[in-house]
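Structure record follows, encoded as structure tokens.
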Amino acid sequence: MRAAAKLTGLTALAGGSFLVGTQVSNDWSPLNRLQSATAVAPAPMPPMPTAVPVGGKEIIGPSRASQIMVHGFPGFDNLRTFEDFVLSYDRRTKTAHWVCEHLTPDRLEYDPSVDRAKCAFRSDESMHAYFRSDNTDYKGSGYDRGHLAAAGNHRRTQNAVDQTFLLSNMSPQVGKGFNRDKWNDLEKHVRKQTKKCVNLYVITGPLYLAKKEGDGNLYVKYKVIGKNQVAVPTHFFKSLLIERRPGEFEVENYLMPNEVIPDSVPISSFLVPQEMIERSGGFLLFEKLDKKKLKLVNGKAGGWW
DNA sequence: TTTACTGT
């Protein structure tokens, strides 16, 4: 029983109250840990581009990028369309706003000729020099160069996995206890779900969330690292749109703090309403999806969209 | 397995 296992793990960790059957309520739930920012009314999105060049080459017919973005663009700021993922870049923080991936069971098939060890972290020269990070920013910072679009999701070609190592696809992440552990668990969950569906779309990105300080006011505060002052996000989100059967969709929205998370905490502790990510991120996720086709949200029928 | 660092 999933709920029972979750309850045991959490009470062992936190000893706190837990509401089964409603929404997640425990010490690690972002719902309890965060002071949400003031509501801002969303503006309608401009229409989606119909043809986007992939890898610098014009493609006849539907491009890979338009497949990846078929459920809508969260935004259009400094877009980059790579071979197997699409990224929007934030010049102020020197990391992405979001990245979007489209995964299918056959795209995850193991190809031994594609080797992560051949990849190198490198600056994204397509960004203006003022706004790009480099490896020295991360060196000695104490933070990992954490992938947003995970390398393990793009093993179809060497070029595709190479492109995930561009620093535009990295954010400073706590290494041990986060990137190499709980966040990695979430990435593995995505691949596991991919094997049990027809299409999976995943949007991932950093967030900078307000926190109450000693004077009782809310502040957005984040560290910056290196000479380029790369922002260290306070949180990361990952939103999954799972096409379980053709035309039948499920959504899972995760929000994790960029800090050491004990192994005992299940990833389900980090499920949040999608609106929470959208309000703080300043964008809408999977906006073009017909909500009538949505069967499950965060594991439950009947909404919590 | 996948995630990545520091020290050599």
Side-chain angles (χ1 to χ4, degrees), chain A residues 28 82-85 87 94-96 98-99 101-124 133-196 200 202-207 223-228 230-238 240 252 254-270:
Chain A
W28 281 95
F82 296 109
E83 181 175 320
D84 209 31
F85 69 102
L87 176 150
K94 273 67 75 176
T95 183
W98 51 264
V99 306
E101 302 162 82
H102 166 234
L103 309 177
T104 62
D106 61 306
R107 285 184 169 277
L108 285 188
E109 274 177 22
Y110 183 69
D111 178 350
S113 73
V114 175
D115 186 0
R116 178 193 169 107
K118 294 176 190 162
C119 300
F121 292 97
R122 60 197 190 282
S123 236
D124 186 340
S133 64
D134 62 45
N135 284 321
T136 66
D137 294 322
Y138 286 85
K139 188 154 182 73
S141 70
Y143 293 92
D144 278 9
R145 294 166 290 192
H147 283 71
L148 296 174
N153 293 350
H154 304 282
R155 310 187 91 267
R156 254 206 158 191
T157 69
Q158 191 65 43
N159 183 54
V161 70
D162 279 343
Q163 288 181 335
T164 71
F165 280 76
L166 288 166
L167 292 185
S168 51
N169 183 45
M170 302 296 156
S171 277
Q173 289 185 328
V174 168
K176 196 167 160 35
F178 186 75
N179 181 39
R180 307 176 202 178
D181 296 293
K182 196 55 63 187
W183 183 254
N184 188 27
D185 290 346
L186 182 54
E187 292 178 339
K188 287 190 276 195
H189 171 72
V190 170
R191 287 190 285 272
K192 191 173 174 183
Q193 288 296 313
T194 299
K195 288 167 188 167
K196 299 189 290 185
L200 190 148
V202 54
I203 304 178
T204 306
L207 291 174
K223 182 153 61 171
V224 295
I225 57 169
K227 68 178 192 304
N228 292 308
V230 183
V232 180
T234 64
H235 293 72
F236 292 92
F237 74 91
K238 199 178 271 296
L240 285 59
E252 295 180 1
Y254 294 91
L255 175 61
M256 285 189 181
N258 188 15
E259 53 189 84
V260 174
I261 299 170
D263 285 343
S264 57
V265 182
I267 60 169
S268 59
S269 302
F270 302 98

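A, B, ... follow the sequence lines: proteins, then strands. Residue 1 opens every chain.
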Q) Can a donor-acceptor pair under 3.5 Å be found between the side-chain atoms of A/N179 and the base atoms of B/dT3? A) no

Q. Contact class for A/D144 vs. all strands (heavy atom < 4.0 Å): base, sugar-phosphate, or nothing?
A. sugar-phosphate

Q: Quickly, which of A/F237, A/F270, A/F236 forms a ring pair (Phe, Tyr, Trp, His ring centres under 6.0 Å) with A/W183? Name it, please.
A: A/F236

Q. Looking for any heavy atom pair under 4.0 Å, which part of the strands does A/G142 touch: base, sugar-phosphate only, or nothing?
A. nothing

(Q) By the 4.0 Å heavy-atom rule, please label A/Q173 as base, sugar-phosphate, or nothing. (A) nothing

Q: For A/G175, report the nucleic acid contact type (base, sugar-phosphate, nothing); a contact means any heavy atom under 4.0 Å.
A: nothing

Q: Consider the side chain of A/R145, meaning its heavy atoms from C-beta on, and name the nucleotide among B/dC5, B/dT3, B/dT1 that approaches it most closely.
A: B/dC5

Q. Between residues 133-141 of chain A and DNA chain B, which residues have a heavy-atom gap below 4.0 Å?
A. A/G140

(Q) Using 0.5 Å steps for rounding, measure from the CD1 atom of A/I225 to the NZ atom of A/K139. (A) 13.0 Å

Q) Would you call A/K94-A/D137 a salt bridge at under 4.0 Å N-O? A) no

Q. Does a side chain donor of either A/E101 or A/H154 reach within less than 3.5 Å of an acceptor in the other side chain?
A. yes

(Q) Without decimals, in angstroms, what is the distance between A/N169 CG and B/dT3 C1'? (A) 14 Å

**Q.** Separation of B/dT2 C1' from A/F121 CZ (nearest whole Å)
**A.** 12 Å

Q) Out of B/dT3, B/dC5, B/dT1, which nucleotide sits closest to the side chain of A/K188? A) B/dT1

Q: Please state how far atom NE2 in A/H189 lies from atom P in B/dT1, giving the value in whole angstrom units.
A: 21 Å

Q) Any side-chain N or O of A/R180 less than 4.0 Å from the OP1 or OP2 oxygen of B/dT2? A) no

Q: Scan residues 140-165 of chain A for pairs that pass salt bridge (Lys or Arg N to Asp or Glu O under 4.0 Å), counting only residues two or more places apart or in two chains.
A: A/D106-A/R156, A/D144-A/R180

(Q) Just the rounded figure in Å: distance from C1' of B/dT2 to CZ of A/R191. (A) 6 Å

Q | Between B/dC5 (P) and A/H147 (NE2): distance, integer Å | A | 10 Å

Q: Please round to the nearest 0.5 Å and tell me the distance separating atom CG of A/N153 and atom CZ of A/F85.
A: 10.5 Å

(Q) Can you see whether A/E187 engages A/H147 through a side-chain donor-acceptor pair at a distance of less than 3.5 angstrom? (A) no

Q: Figure out the CZ/C1' separation between A/F165 and B/dC5, and round it to whole Å.
A: 13 Å

